[in-house]
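In what follows, a single structure is set out as structure tokens and then discussed.
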Amino acid sequence: MGVSGCGKSTIGKLLAQELNIPFFDGDDYHPESNIKKMSNGQALNDTDRQGWLKTLNDLAKKQLIKSGCVIACSSLKQKYRDTLSNDINNQTRWLYLAGSEEQIFNRLQKRSNHFMPAKLLQSQFDTLEEPKNAIQIDIKLSPKDIIKNIKSELMTTSDFGLFGLGVMGKSLCRNLANNGFKISMFNRHVDGIEENVAKDFKAQYTALNDAQAFDDISSFVNSLQQPRKIMLMVNAGKTIDYVIEDLLPYLSKNDILIDGGNSNYLKTKERGDYLKNKGIHFIGTGVSGGEEGALKGPSIMPSGDKVAYKEVAPFLEKIAAKDKNNLPCCTYVGPEGSGQFIKMVHNGVEYVEMQLLAEVSTILEQSGKNLDEVANTLESWKETTNSYLLEITIDILRKKEGDDYLVNKILDKAGNKGTGNWTTIASAELGVPSTLIASALFARYTSFNKEERVSNNENFRNTNNTTSDIVIDDVRDAYQFARIINHYQGFKLINEASTSFKWDLNLSEIARIWTNGCIIRSTLMEDLVNVFKETSNLLTSSKFIALLNQYKPSVKKVVAQCVLNDITAPCLGESIQFFNGITTANSSANMIQAQRDYFGAHTYKRIDDDDVKSHHTNWK
Ligand code: 6PG
């Protein structure tokens with residue numbers, strides 16, 4: 001395509017020859033009336049063009065059934081191109097021969113026997129709506145070079161697109177390239193802030209030699225094989241919606257968008273419905289493992305459009321971490337935003353695991369150990385209760401700056417990006433008591449009140465005595481106890497969501513894809529793969545009943561000592577409190593029911609009748 005005189009016919013013929021497919025000049029298909037009009041120096045209007053464009057569309061469709069073809073047609077407006085590619089949008093490639101008005105005017109002046117007088121050129125440029133989804137070729141080049149460029153553009157379509165080159169996006173690109181995939185990478189251009197990000201990144205790694213780098217959306221999208229597979233690695237939240245809107249004009253029916261950020265699961269469902277209406281498939285996927293995991297193999301939790309998942313599975317499963325049996329830590333999780341839901345719970349569980357390690361490190365330090373000794377103690381726990389977070393905590397404890405421990409120089413205000421908050425909200429909405437996740441989240445919020453903590457400390461000075469009577473093995477067992485409760489609560493929440501939203505999630509598979517690549521990978525998680533094949537409730541597993549009974553005396557002792565010594569340990573404390581609640585046959589909730597009935601006539605059920613009837617008492 002391109003204005004008259006840009007060289008469409010010449011280039012079209014050469015290209016068709018090169019590709020060994022037929023060539024058709026659109027001008028040969030004009031009805032007599034159009035030719036007459038143009039020869040009289042009159043411009044065609046849209047009605048004149050309509051039938052002609054449909055004829056060319058029919059021609060293209062017929063040729064597609066065979067081997068395809070090259071058609072030369074000015075196609076100046078988007079709506080002409082829409083008619084030309086009607087029903088065959090996915091199989092149409094647009095080549096735009098672009099030149100300046102002056103250049104083309106000079107060319108036309110030199111031509112004889114052409115029914116398009118040069119004076120109509122102005123109207124062509126006025127009409128021209130430059131295409132957003134075309135391979136753009138500069139007509140200054142020689143025909144030979146033009147064909148070479150077109151061929152290389154046509155041949156170099158990538159298998160997979162990565163949109164957003166932040167830390168995770170970059171690592172995933174390298175992972176995909178290391179696994180032999182041909183990728184296109186996009187990062188936006190922001191003057192003075194984000195310039196040539198994709199190109200500079202490509203230049204940094206030889207593994208990215210075959211990758212294509214873009215900061216222009218149209219070229220990025222056009223560089224991808226259809227149906228396109230584009231993974232979005234941008235900030236969760238509104239940005240995802242903006243990016244979707246930016247991409248939509250360039251996408252074709254059946255293209256697939258994958259959101260790999262920590263998006264809210266409800267939003268993922270909304271986005272999936274919205275895109276479905278536009279013929280675009282949407283997959284919301286949790287990705288865990290941080291920068292290193294994304295590079296060497298993350299845990300991937302895709303959900304949503306199951307048919308589309310089949311298309312992207314070869315990519316995601318290849319780059320994912322592998323479990324003990326060499327199976328990918330990536331599986332289709334379930335419908336809607338279920339993948340993002342389980343990633344959210346993963347993060348909630350992660351908050352607790354981190355908090356527990358912070359608590360036990362403090363307790364061990366309070367018992368008189370220096371940080372190297374604390375690290376050595378944790379090192380010895382690897383044998384019974386190893387995890388990625390335990391390993392990194394040991395490294396952190398040992399890290400020194402000069403003679404000082406680095407961790408002691410870090411301001412004690414813990415940040416968060418919101419997933420723990422969402423998990424707590426989801427728990428409340430689903431009626432699941434994920435009390436450890438809430439405790440870990442609120443511990444971060446408490447930490448954030450640094451100034452208030454400092455001033456309160458003046459008024460309510462903590463004794464923080466050195467507690468030499470703390471037994472190290474008790475701390476380890478208390479830690480193991482709390483971790484089991486944490487995992488019980490996390491999977492309970494997932495199971496409840498599965499039932500409520502009719503997702504039919506497989507807890508054992510979820511545990512399996514969390515055995516490697518992700519932040520909460522651990523030996524405990526490996527045990528859970530088998531436990532969840534038998535039951536969806538950890539507290540009914542004979543192995544875990546025995547373990548909790550074994551660890552319970554230790555957690556009681558450790559928590560009691562923390563309370564007596566003014567050591568704050570909210571997650572350890574909550575683990576035994578929750579456990580006592582969930583294992584109490586007759587709770588104090590009868591009193592709550594009586595109080596509700598007293599002041600609000602909310603009624604109550606009785607244990608000495610059928611448990612169904614509602615009763616009300618005049619309590620005075
Ligand atoms: C992961 C992490 C990752 C990220 C969290 C941190 O699984 O790779 O969970 O998603 O580190 O978003 O969350 P906070 O900033 O809320 O601690």
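The figures that follow rest on heavy atoms only: side chains count, while hydrogens, waters and symmetry mates do not. Here the structure is a predicted model, which is why all the values come from computation and not from measurement.
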Donor-acceptor contact below 3.5 Å, side chain Asn449 vs main chain Tyr445 = yes
Donor-acceptor side-chain pairing of Gln489 and Ser434 below 3.5 angstrom | no
Tell me, please, whether Tyr388 has Arg521 positioned over its six-membered ring: NZ or CZ under 6.0 Å from the ring centre and within 45 degrees of its axis?
-> yes
Main-chain N/O of Thr377 paired to Ser380 side chain as donor or acceptor, under 3.5 Å = yes
Under 3.5 Å donor-acceptor, Tyr332 side chain and Gly334 backbone | yes
Kindly say whether Asn326 contributes a backbone atom to a donor-acceptor pair with the side chain of Asp323 at under 3.5 angstrom?
-> yes
Could you walk me through whether Lys343 and Asn262 pass the side chain to side chain donor-acceptor pair (under 3.5 Å) check?
-> CA-CA 7 Å; Lys343 174 63 193 348; Asn262 279 332; 2.8 Å; yes
Report the distance from atom CE of Met301 to atom SG of Cys329, rounding to the nearest 0.5 Å.
-> 9.5 Å
Side-chain donor-acceptor pair present, Asn565, Gln366, cut-off under 3.5 Å | no
Compute whether any side-chain donor of one residue and acceptor of the other, for Asn179 and Asn175, lie under 3.5 angstrom apart.
-> yes
Take Ile472 and Leu364 through the side-chain contact (heavy atoms from CB on, under 4.5 Å) test and state the conclusion after the steps.
-> CA-CA 7 Å; Ile472 303 305; Leu364 292 172; 3.5 Å; yes
For the residue pair Tyr488 and Phe578, does the interplanar ring angle fall in the parallel (under 30°), tilted (30 to 60°) or perpendicular (over 60°) class?
-> tilted
Could you tell me whether a side-chain N or O of Ser541 sits under 3.5 Å from a main-chain N or O of Val531, the two making a donor and an acceptor?
-> no
Leu172 versus Ile319, closest heavy-atom pair with distance = CD2-CD1, 4.0 Å
Centres of the Phe181 and Phe160 rings: under 6.0 Å?
-> no
Where do Ala320 and Cys330 come nearest, in terms of heavy atoms and distance?
-> CB-CB, 3.7 Å
Evaluate side chain to side chain donor-acceptor pair (under 3.5 Å) for Ser387 paired with Glu353, printing each intermediate quantity in order.
-> CA-CA 10 Å; Ser387 70; Glu353 294 289 291; 5.1 Å; no
Determine, for Asp404 against Lys400, whether the closest basic-nitrogen to carboxylate-oxygen distance falls under 4.0 angstrom.
-> no
List the atom of Arg453, the atom of Asp412, and the distance in Å for their closest heavy-atom pair.
-> NH2-O, 2.9 Å
Heavy atoms only: give me the nearest Phe201-Cys173 pair and the separation to one decimal.
-> CE2-CB, 3.8 Å
Report the relative orientation of the aromatic rings in Trp503 and Tyr265; use parallel for angles under 30°, tilted for 30 to 60°, perpendicular for over 60°.
-> perpendicular
Does a side-chain N-to-carboxylate-O contact under 4.0 Å join Asp477 and Lys552?
-> no
Quick one: sort the Phe579 and Phe481 rings into parallel, tilted or perpendicular, breaks at 30° and 60°.
-> perpendicular
Check the side chains of Gln340 and Asn264 for a donor-acceptor pair under 3.5 angstrom, ignoring hydrogens and angles.
-> no
Measuring from Met344:CE to Ser263:OG, what's the distance to the nearest 0.5 Å?
-> 12.5 Å
Side chain Glu359, main chain Leu572, donor-acceptor under 3.5 Å = yes
When you check the side-chain N and O atoms of Ser171 and Glu291, is any donor under 3.5 Å from an acceptor?
-> no
Report yes if some heavy atom in the side chain of Tyr242 is under 4.5 Å from a heavy atom in the side chain of Val234; otherwise report no.
-> no
Between the main-chain N or O of Gly284 and the side-chain N or O of Thr268, is there a donor-acceptor pair closer than 3.5 Å?
-> no
Roughly how far, to the nearest 0.5 Å, is the CG atom of Leu389 from the CD1 atom of Ile520?
-> 8.5 Å
Just do the side chain to side chain donor-acceptor pair (under 3.5 Å) check on Thr535 and Thr540 with the steps written out, would you?
-> CA-CA 7 Å; Thr535 174; Thr540 62; 2.8 Å; yes
Go through the steps for Leu547 and Ile545 under the test side-chain contact (heavy atoms from CB on, under 4.5 Å), then give the verdict.
-> CA-CA 6 Å; Leu547 285 174; Ile545 292 173; over 6 Å; no
Hey, could you give me the OG1/CG distance between Thr384 and Leu524, rounded to the nearest 0.5 Å?
-> 11.5 Å
Just do the side-chain contact (heavy atoms from CB on, under 4.5 Å) check on Asp305 and Phe282 with the steps written out, would you?
-> CA-CA 6 Å; Asp305 202 319; Phe282 189 58; 5.9 Å; no
Pick from Asp259, Thr285, Val312: which one makes a side-chain contact (heavy atoms from CB on, under 4.5 Å) with Met231?
-> Thr285
Is the count of non-hydrogen atoms from other residues, nucleotides or ligands lying under 6.0 Å from Lys382 atom NZ greater than 12?
-> yes
Quick one: do Leu247 and Leu257 satisfy side-chain contact (heavy atoms from CB on, under 4.5 Å)? Show the steps, please.
-> CA-CA 10 Å; Leu247 279 165; Leu257 292 184; 4.0 Å; yes
When you look at Ser522 and Arg483, which way does the side chain to side chain donor-acceptor pair (under 3.5 Å) test go after all the steps?
-> CA-CA 11 Å; Ser522 67; Arg483 292 191 63 218; 3.3 Å; yes
Compute whether any side-chain donor of one residue and acceptor of the other, for Asn537 and Lys492, lie under 3.5 angstrom apart.
-> no
Quick one: are the ring centres of Trp514 and Phe491 less than 6.0 Å apart?
-> yes
Between NZ on residue Lys533 and CZ on residue Arg512, distance to nearest 0.5 Å | 9.5 Å
